[in-house]
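Structure first, commentary second.
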Amino acid sequence: MDFKKEIAGKISQLVDMEQEKIMELIEIPPQSNMGDYAFPCFQFAKVLRKAPNMIAADLAGKLAQDNVIGKVEAAGGYLNFFVNRAEFMKEILTEVNEKGRDFGASKEGDGKTVLVEFSSPNIAKPFHIGHLVNTLTGSALEKIYRHLGYHTERLNHIGDYGTQFGKQIAAYKHWGNEEALEKDPITELLRVYVMFHEEAEKHPELEDEARQLFKKLEDGDPEMLALWQKFRDLSIVEFKKLYKEFNIEFDSYNGESFYTDKMGEVVQMLRDKNLLVESNGAQIVDLEKFNMPPCLILKSDGATIYATRDLAAGLYRHRTYNFDKCLYVVGNTQALHFKQIFTVLKLMGFDWADNMAHIGTSLVKFADRKMATRSGDMIYAKTVLNEAAEKTLEIVESKNSGLADKADVAKKVGMGAVAYTILKNNRDRDIIFSWEDILSFEGDSGPYVQYTCVRGKSVMRKAGDFPSTADYSKLTTDEEFNLVKLLDGFKAALKEAADRYEPFVITRHVTEIAKAYNKFYNSHPIMNAEPEVKAARLHLTKAVCNVIETGLSIIGIEVPENM
RNA sequence: GCGCCUGUAGCUCAGUUGGAUAGAGCAACGGACUUCUAAUCCGUGUGCCAGGGGUUCGACUCCCUUCAGGCGCACCA
């Protein structure tokens with residue numbers, strides 16, 4: 001039963017407005033003592049020629065208590081509803097405990113496909129904190145949509161193509177060490193790549209060599225191809241280790257190289273539709289009437305560019321998946337690029353481009369300067385995770401040194417702290433990197449939520465086998481009621497997170513649940529309560545842990561058994 | 001110069017389609033462990049919601065404008 005819907009239905013019998021419209025108007029009062037739902041009556045003032053507070057009072061008099069409504073009050077221009085608590089507790093807790101990890105799942109996504117492109121690191125390059133932001137955001141969005149019943153495809157558009165690989169191959173041929181490559185591929189590849197740039201300053205002929213090698217690679221030279229393939233494979237193995245930490249998987253690793261033979265068609269189509277214009281020797285699509293700079297399709301040397309690849313990829317994805325939605329989870333800095341791509345696709349006559357969206361992710365910066373990729377002035381994801389696990393281990397050591405699998409717990413909690421920090425705020429805001437923030441373990445943090453759940457699980461373990469059913473009407477305190485309201489709110493949070501493409505909605509909601517449970521936990525006994533109350537509280541605990549774990553798993557966080 | 005984003009408490013940030021006294025965490029200070037894990041809980045806030053106009057019964061929220069910061073503006077991705 002949906003209490004909000006029921007209430008809207010009752011109101012619709014009294015006023016000249018449809019139930020759906022009323023649903024939209026109903027809000028949650030700022031203070032819980034005002035009520036559980038509120039219906040603002042301001043809109044009727046003009047039509048009825050009556051003051052809003054009079055209307056509210058009038059309506060309040062016509063609504064009787066029943067199994068949905070516990071109490072109705074008129075306050076100001078608001079009609080405030082207090083739900084029938086006993087019924088509410090029973091409904092929601094039964095639903096959560098029946099559905100388990102599927103709580104919050106819906107049918108809205110039935111038969112629909114959502115593509116989520118995210119992570120997309122460059123091979124042979126280290127995975128830095130910026131990639132991590134992007135990866136966690138994309139993965140969370142994908143999991144949110146999956147939970148809502150959509151069929152999803154996780155696309156990792158690997159950066160595995162371009163002239164840089166000519167340099168990479170040249171560098172490796174000159175100074176590479178095979179043993180080091182097998183042992184720690186990215187480090188070795190980066191080492192020789194950096195070396196190439198240093199050497200190229202003294203010996204410019206290296207640049208020519210790199211160009212030639214890239215040409216050979218493009219022409220399918222077996223030796224070059226084998227090396228490139230090797231770099232690619234080893235890099236992906238490395239990336240997968242990182243993905244595993246956050247339970248992330250991909251359905252496709254088709255990257256830039258995959259589209260090399262698919263760009264000709266796009267160029268031809270643009271030409272056929274007379275969209276291609278020459279400008280300074282290059283071929284562009286003019287976007288002036290859209291108030292945008294032109295979209296470069298072919299460079300003056302005739303070579304393709306990333307925009308060409310993204311157009312080809314868009315076309316390919318539409319044909320292959322026939323998506324209902326295609327999300328590009330890529331840094332905010334690329335907003336213009338995607339706006340151009342979508343516009344060009346529309347100009348080509350592809351209306352499905354309207355179903356594509358760029359989901360810009362936060363830029364990670366240092367307090368005083370930009371996090372630069374080229375100069376190597378950046379923080380690696382690996383470093384962050386290692387630091388997090390290390391710090392966590394120290395804390396575990398001091399708080400719970402008797403713990404069995406300390407290293408594993410430290411890892412889960414450390415990862416939790418990192419993922420939480422990254423996914424707790426709006427994507428529009430830049431993230432100022434700070435060790436203090438990312439390794440935060442108190443209050444608003446991953447470990448706080450994990451700890452809450454761990455305590456709950458611990459109580460359940462101590463309770464052993466408890467009855468499979470409980471009388472939820474025994475849960476009569478405000479703390480318990482507020483907790484259940486939040487559990488119910490998880491459904492709306494999922495929906496909002498999906499609509500806004502904002503994982504932080506989940507992060508914050510799960511935190512609210514944890515806070516409410518901690519408050520309850522500290523003010524009411526579970527184990528020492530009367531048998532019936534105890535049973536009900538254990539079921540409440542089970543429901544809370546369930547929803548917290550579901551929410552956390554969406555944002556890539558696991559909960560250990562102990563911590 | 002043009003475009004996009006941001007500006008809310010000392011710090012980091014929420015604030016639902018405009019609505020009831022603007023909320024959290026951190027930091028600070030004071031309290032709660034013979035009791036289910038104190039990574040917890042409870043208490044303490046004089047915020048020109050960047051400034052200025054406008055729309056509205058009502059604006060942190062919508063419109064205009066100024067200021068400050070970030071990002072982007074074709075042969076890199």
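Worth knowing before you read on, the calculation uses all heavy atoms, side chains too, and leaves out hydrogens, waters and symmetry mates. Convention: sequence-line order gives letters A, B, ...; per-chain numbering from 1.
- Considering only side-chain atoms of A/Val459, the nucleotide from B/U37, B/G70, B/U8 that sits closest is B/U37.
- Checking A/Cys295 against A/Pro29, the closest nucleotide of RNA chain B that is more toward the 5' end is the one next to A/Pro29.
- Remark: B/C49 base-pairs with no nucleotide in the shown strands. Criterion, Watson-Crick or G-U wobble with two distances under 3.5 Å.
- Look at CG on A/Asp428: it is 8 Å from P on B/C5, rounded to the nearest Å.
- Here A/Ile169 contributes atom CD1 and A/Trp228 contributes atom CH2; the two are 9.5 Å apart, rounded to the nearest 0.5 Å.
- B/U44 and B/C48 have their C1' atoms separated by 24 Å, given to the nearest Å.
- B/G1 sits 40 Å from B/G58 when the C1' atoms are compared, rounded to a whole Å.
- A/Lys365 has no side-chain polar atom (N or O) that falls below the 4.0 Å cut-off from OP1 or OP2 of B/G69.
- Figure legend: A/Arg427 and A/Phe504 shown without cation-pi pairing, the cationic atom not lying both under 6.0 angstrom from the six-membered ring centre and within 45 degrees of its axis.
- Residue A/Phe504 has its side chain nearest to B/G15 when only B/A74, B/G15, B/U40 are considered.
- When each of B/A74, B/U37, B/C42 is scored by its nearest atom to the side-chain atoms of A/Lys519, the top-ranked nucleotide is B/C42.
- Nearest to the side chain of A/Asn80, among B/C41, B/A20, B/A77, sits B/A20.
- Closest to the side chain of A/Leu336, from the set B/G72, B/C75, B/A38, is B/G72.
- Between the side chain of A/Ser279 and the base of B/A74, a donor-acceptor pair under 3.5 Å is found.
- Atom-to-atom, CG of A/Asn426 to P of B/U16 comes out at 11 Å; the value is rounded to the nearest Å.
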Quiz item: What do the steps show when you test A/Thr511 against A/Tyr420 for side-chain hydrogen bond (donor to acceptor under 3.5 Å, both in side chains), and what is the final call?
Solution: CA-CA 10 Å; A/Thr511 306; A/Tyr420 187 99; 2.5 Å; yes
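- As rounded to whole Å, 16 Å separates atom P of B/G3 from atom CG of A/Leu287.
- B/A28 is paired with B/U44 under the Watson-Crick or G-U wobble criterion, all donor-acceptor distances under 3.5 Å.
- A/Glu496 comes within 4.0 angstrom of no nucleic acid atom, judged by non-hydrogen atoms across all strands.
- Under the 3.5 Å distance criterion, with hydrogens and angles disregarded, no donor-acceptor pair is assigned to the side chains of A/Gln283 and A/Lys299.
- The existence of a salt bridge linking A/Lys485 and A/Glu480 is excluded, since no basic side-chain nitrogen approaches an acidic carboxylate oxygen closer than 4.0 Å.
- Following rounding to the nearest Å, A/Lys399 (NZ) and B/U37 (C1') show an atom-to-atom distance of 11 Å.
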Practice problem: Please test A/Glu442 against A/Tyr451 for side-chain hydrogen bond (donor to acceptor under 3.5 Å, both in side chains), starting from the C-alpha separation and ending with a verdict. | Solution: CA-CA 10 Å; A/Glu442 289 166 7; A/Tyr451 179 71; over 6 Å; no
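- Judged by a 6.0 Å distance limit and a 45° cone about the ring axis, A/Lys262 is positioned over the six-membered ring of A/Phe258.
- In terms of polar N and O atoms assigned as donor or acceptor, the side chain of A/Ser458 never comes within less than 3.5 Å of the base of B/C36 in a complementary pairing.
- Considering only side-chain atoms of A/Leu363, the nucleotide from B/A39, B/C71, B/A77 that sits closest is B/C71.
- When the C1' atom of B/C13 is taken as reference, atom CG of A/Asp437 falls 10 Å away, rounded to whole Å.
- Counting any heavy atom pair closer than 4.0 Å across all strands shown, A/Gln340 reaches no nucleic acid atom.
- Smallest separation of non-hydrogen atoms from A/Gln450 and A/Gly416: NE2-CA, 4.0 Å.
- Atom pair A/Asn400:CG and B/U40:P shows a separation of 14 Å (rounding to whole Å applied).
- Here B/C67 sits opposite B/G7 as a Watson-Crick or G-U wobble pair (both hydrogen-bonding atom distances under 3.5 Å).
- Residue contacts shown for A/Asn425 are limited to sugar-phosphate atoms, with no base heavy atom under 4.0 Å away.
- The base-pairing partner of B/C2, taking Watson-Crick or G-U wobble contacts with both distances under 3.5 Å, is B/G72.
- A close approach under 4.0 Å does not occur between any side-chain nitrogen or oxygen of A/Arg508 and OP1 or OP2 of B/A24.
- In this structure, A/Ala282 reaches the bases: a heavy-atom distance under 4.0 Å links it to at least one base atom across the strands shown.
- Using a 4.0 Å heavy-atom distance criterion, A/Pro40 is classed as making no nucleic acid contact.
- For a distance-only test at 3.5 Å, the side chain of A/Asp444 fails to qualify as a donor-acceptor partner of the base of B/A14.
- Residue-level contact check: A/Ile526 touches the bases, meaning some heavy atom is under 4.0 Å from a base atom.
- At B/G15, one or more side-chain N or O atoms of A/Arg500 fall inside 4.0 Å of OP1 or OP2 (strictly under the cut-off).
- The residue A/Val505 sits apart from the nucleic acid: no heavy atom pair falls under 4.0 Å.
- Residue A/Met34 is in base contact, counting any heavy-atom pair closer than 4.0 Å across all strands shown.
- At the phosphate of B/C26, neither OP1 nor OP2 sits under 4.0 Å from any side-chain N or O atom of A/Tyr448.
- Look at CD on A/Glu436: it is 13 Å from P on B/C13, rounded to the nearest Å.
- The A/Tyr521 side chain lies nearest to B/A38 when the options are B/C41, B/C76, B/A38.
- In a base pair of the Watson-Crick type (N1 to N3 plus N6-O4 or O6-N4) or a G-U wobble (N1-O2 and O6-N3), with each distance short of 3.5 Å, B/G18 is matched with no nucleotide.
- Within 4.0 Å (heavy atoms only), A/His524 reaches at least one base atom of the nucleic acid.
- A cation-pi contact, defined as under 6.0 Å to the ring centre and within 45° of the axis, is absent between A/Lys515 and A/Phe520.
- When distances are taken from the side chain of A/Asn280 to each of B/C36, B/G72, B/C75, the shortest belongs to B/C75.
- A cation-pi arrangement, defined by a distance under 6.0 Å to the six-membered ring centre and an angle within 45 degrees of its axis, is absent between A/Lys167 and A/Phe196.
- Side-chain atoms of A/Tyr306 and base atoms of B/A77 include a donor and an acceptor less than 3.5 Å apart.
- One interatomic measurement links the two molecules: NZ of A/Lys339 to C1' of B/G72, which rounds to 11 Å at whole-angstrom precision.
- Distances shorter than 4.0 Å separate none of the side-chain N or O atoms of A/Lys515 from OP1 or OP2 on B/A24.
- In this structure B/U56 sits in no base pair that meets the Watson-Crick or G-U test at under 3.5 Å.
- Set against B/U35, B/C76, B/C41, the side chain of A/Asn528 has B/U35 as its closest nucleotide.
- The listed nucleotides are B/U8, B/U40, B/C75; the one nearest the side chain of A/Arg429 is B/U8.
- Nucleic acid contact class of A/Asp301 (heavy atoms, under 4.0 Å, all strands): none.
- Here A/Gln334 lies in heavy-atom contact (under 4.0 Å) with a base.
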